[in-house]
Amino acid sequence: MLLATASLPAQEAGPSQARARATSPSAYWKDRWRGWHFYEDPAQEGEQIPEPTPAPSTAPAQPPKARIPELEEFARLQKTLEEYRNIAIIRPTEANVRRYMELESRVVGQASAFADMAKRVAWATPELDPTLQGRPVNAKALEVFDETQRAERSRTVAQLGKDHVLFFFYRSDCPYCHAFAPVLEAFQARHGIQVVAVSIDGGPLPGFPGARRDNGIANALQVSQVPAVFLAQPFTGQITPIGFGVLSESQLLERIATVSSPEGQAMLPSATRQVTLP
């Protein structure tokens with residue numbers, strides 16, 4: 001009778017209650033694998049039971065990469081030198097200072113040996129010799145370099161002279177313009193490019209009897225200082241500044257050759273302006 005009475009609630013329970021018990025998590029006391037004395041709070045409604053965390057990988061650690069012996073020796077030497085110096089600074093006794101200076105002398109000797117070996121390698125390998133790259137350092141080679149460069153730039157300017165001119169802006173009361181005029185006059189005769197003198201104040205200038213009066217082009221080019229030189233191509237109206245102030249012949253050659261090259265134009269494209277020339 002007692003057994004029947006105990007089973008009565010289970011029989012009276014509806015199908016919905018039975019399904020709820022079937023889908024709910026099993027009670028913790030039914031998990032025998034947890035042990036008889038294991039206890040945990042029952043899971044709340046809707047709470048997710050966390051999955052067990054997987055065990056960390058037991059893959060063997062990679063051995064540290066072996067360092068190059070020379071690098072280890074250099075690091076030790078550098079650290080020791082710094083420590084000896086710091087000790088000598090804080091406690092400048094004769095022994096501490098001597099110890100630091102002796103080690104420093106050793107380091108300087110090694111650096112000198114490296115420099116000697118580098119020079120020897122450079123002498124035997126032309127592509128590694130810095131004295132053969134760019135501008136020479138030898139006086140005689142420098143003369144040859146400058147003369148070769150001057151001849152190349154002169155040919156460039158002569159080629160430009162076929163369809164380019166130099167605009168020379170001046171004022172008749174400017175002493176620097178008077179000093180610069182003979183340089184431009186000789187430059188025109190030597191390198192075959194025409195110099196067109198433009199007087200901002202309308203006054204004359206020795207050496208350029210056919211100077212033109214400014215018709216507004218100086219304002220269009222924003223010429224605020226004289227003397228000023230511009231490289232102009234009359235047919236296209238492209239004008240590029242060469243420089244302001246008194247320039248030497250070599251400076252004129254260098255600047256004209258530079259600004260007319262594709263590399264020079266790409267370096268500062270905003271310098272070239274488009275102006276309608278008379």
Side-chain angles (χ1 to χ4, degrees), residues 134-136 142-278:
R135 193 176 183 85
L142 188 58
E143 292 179 7
V144 176
F145 176 83
D146 288 342
E147 184 60 33
T148 302
Q149 198 171 53
R150 177 188 176 88
E152 292 177 356
R153 289 171 176 172
S154 179
R155 285 193 294 269
T156 299
V157 172
Q159 187 68 23
L160 286 172
K162 295 180 180 179
D163 57 356
H164 287 72
V165 297
L166 291 179
F167 278 159
F168 167 41
F169 293 91
Y170 74 91
R171 294 182 62 91
S172 60
D173 58 350
C174 170
Y176 298 101
C177 299
H178 284 264
F180 190 31
V183 177
L184 284 174
E185 188 179 6
F187 190 86
Q188 175 180 237
R190 184 175 293 114
H191 302 289
I193 186 170
Q194 182 184 0
V195 177
V196 178
V198 180
S199 176
I200 294 180
D201 61 352
L205 186 69
F208 293 96
R212 303 180 182 181
R213 182 183 293 271
D214 179 29
N215 61 353
I217 188 174
N219 185 48
L221 295 175
Q222 299 178 353
V223 178
S224 58
Q225 183 177 345
V226 291
V229 178
F230 287 75
L231 178 66
Q233 190 175 33
F235 299 107
T236 63
Q238 291 185 347
I239 300 182
T240 306
I242 298 300
F244 301 84
V246 179
L247 302 174
S248 65
E249 180 181 353
S250 61
Q251 286 178 314
L252 286 170
L253 282 173
E254 178 185 6
R255 297 187 184 193
I256 294 173
T258 299
V259 303
S260 63
S261 66
E263 296 81 6
Q265 294 174 357
M267 189 180 303
L268 193 64
S270 62
T272 301
R273 302 179 185 179
Q274 196 78 24
V275 179
T276 302
L277 300 176

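One-based numbering along the sequence shown.
The main-chain N or O of R150 is never found under 3.5 Å from a side-chain atom of S154 such that the two would form a donor-acceptor pair. No donor-acceptor distance shorter than 3.5 angstrom exists from the side chain of Q159 to the backbone of T156, with no hydrogens or angles considered. A donor-acceptor pair under 3.5 Å links the side-chain atoms of D201 to the main chain of S172, judged by distance alone.
Shortest non-hydrogen contact noted between T258 and S261 is O-OG, 2.7 Å. Heavy atoms only, all atoms of each residue included: A181 and P206 are closest at CB-O, 4.0 Å. Taking each heavy atom of G203 and Y170 in turn, the nearest pair found is O-OH, 2.7 Å. Closest approach of A266 to P269, counting heavy atoms only: O-CD, 3.4 Å. Closest approach of Q265 and V259 over heavy atoms only: CG-O, 3.2 Å. When all heavy atoms are compared, the tightest approach of A232 to P234 is O-CD, 3.5 Å.
Using the six-membered ring where Trp is involved, H191 and F187 have ring planes that are tilted, between 30° and 60° apart.
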* So F230 and L221, side-chain contact (heavy atoms from CB on, under 4.5 Å) or not? Walk me through it. -> CA-CA 9 Å; F230 287 75; L221 295 175; 4.2 Å; yes

* Criterion side-chain contact (heavy atoms from CB on, under 4.5 Å) on L247 and F180, from CA distance to verdict -> CA-CA 7 Å; L247 302 174; F180 190 31; 4.1 Å; yes

* To do: Take D214 and V223 through the test side-chain contact (heavy atoms from CB on, under 4.5 Å) and record every step on the way to the result.
  => CA-CA 11 Å; D214 179 29; V223 178; over 6 Å; no

* **Worked verdict on I200 versus V226 for side-chain contact (heavy atoms from CB on, under 4.5 Å)** => CA-CA 9 Å; I200 294 180; V226 291; 3.6 Å; yes

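The CG atom of L253 sits 12.0 Å away from the CD atom of E152 when rounded to the nearest 0.5 Å. Here the straight-line distance linking atom CD1 of I242 with atom CZ of R255 works out to 8.5 Å at 0.5 Å rounding.
Counting only heavy atoms from C-beta outward, the side chains of T240 and Q238 never approach each other to under 4.5 Å.
Among residues two or more places apart in sequence or in another chain, the side-chain hydrogen bond (donor to acceptor under 3.5 Å, both in side chains) test is passed with N219 by none.
When each of I193, L252, L231, L166 is tested with V157 by the rule side-chain contact (heavy atoms from CB on, under 4.5 Å), just one qualifies, namely I193. For the side-chain contact (heavy atoms from CB on, under 4.5 Å) criterion with P227, the lone passing option out of F168, F169, F244 is F168.
One finds no salt bridge joining E249 and R153 here, because no Lys/Arg side-chain nitrogen approaches an Asp/Glu carboxylate oxygen to under 4.0 Å.
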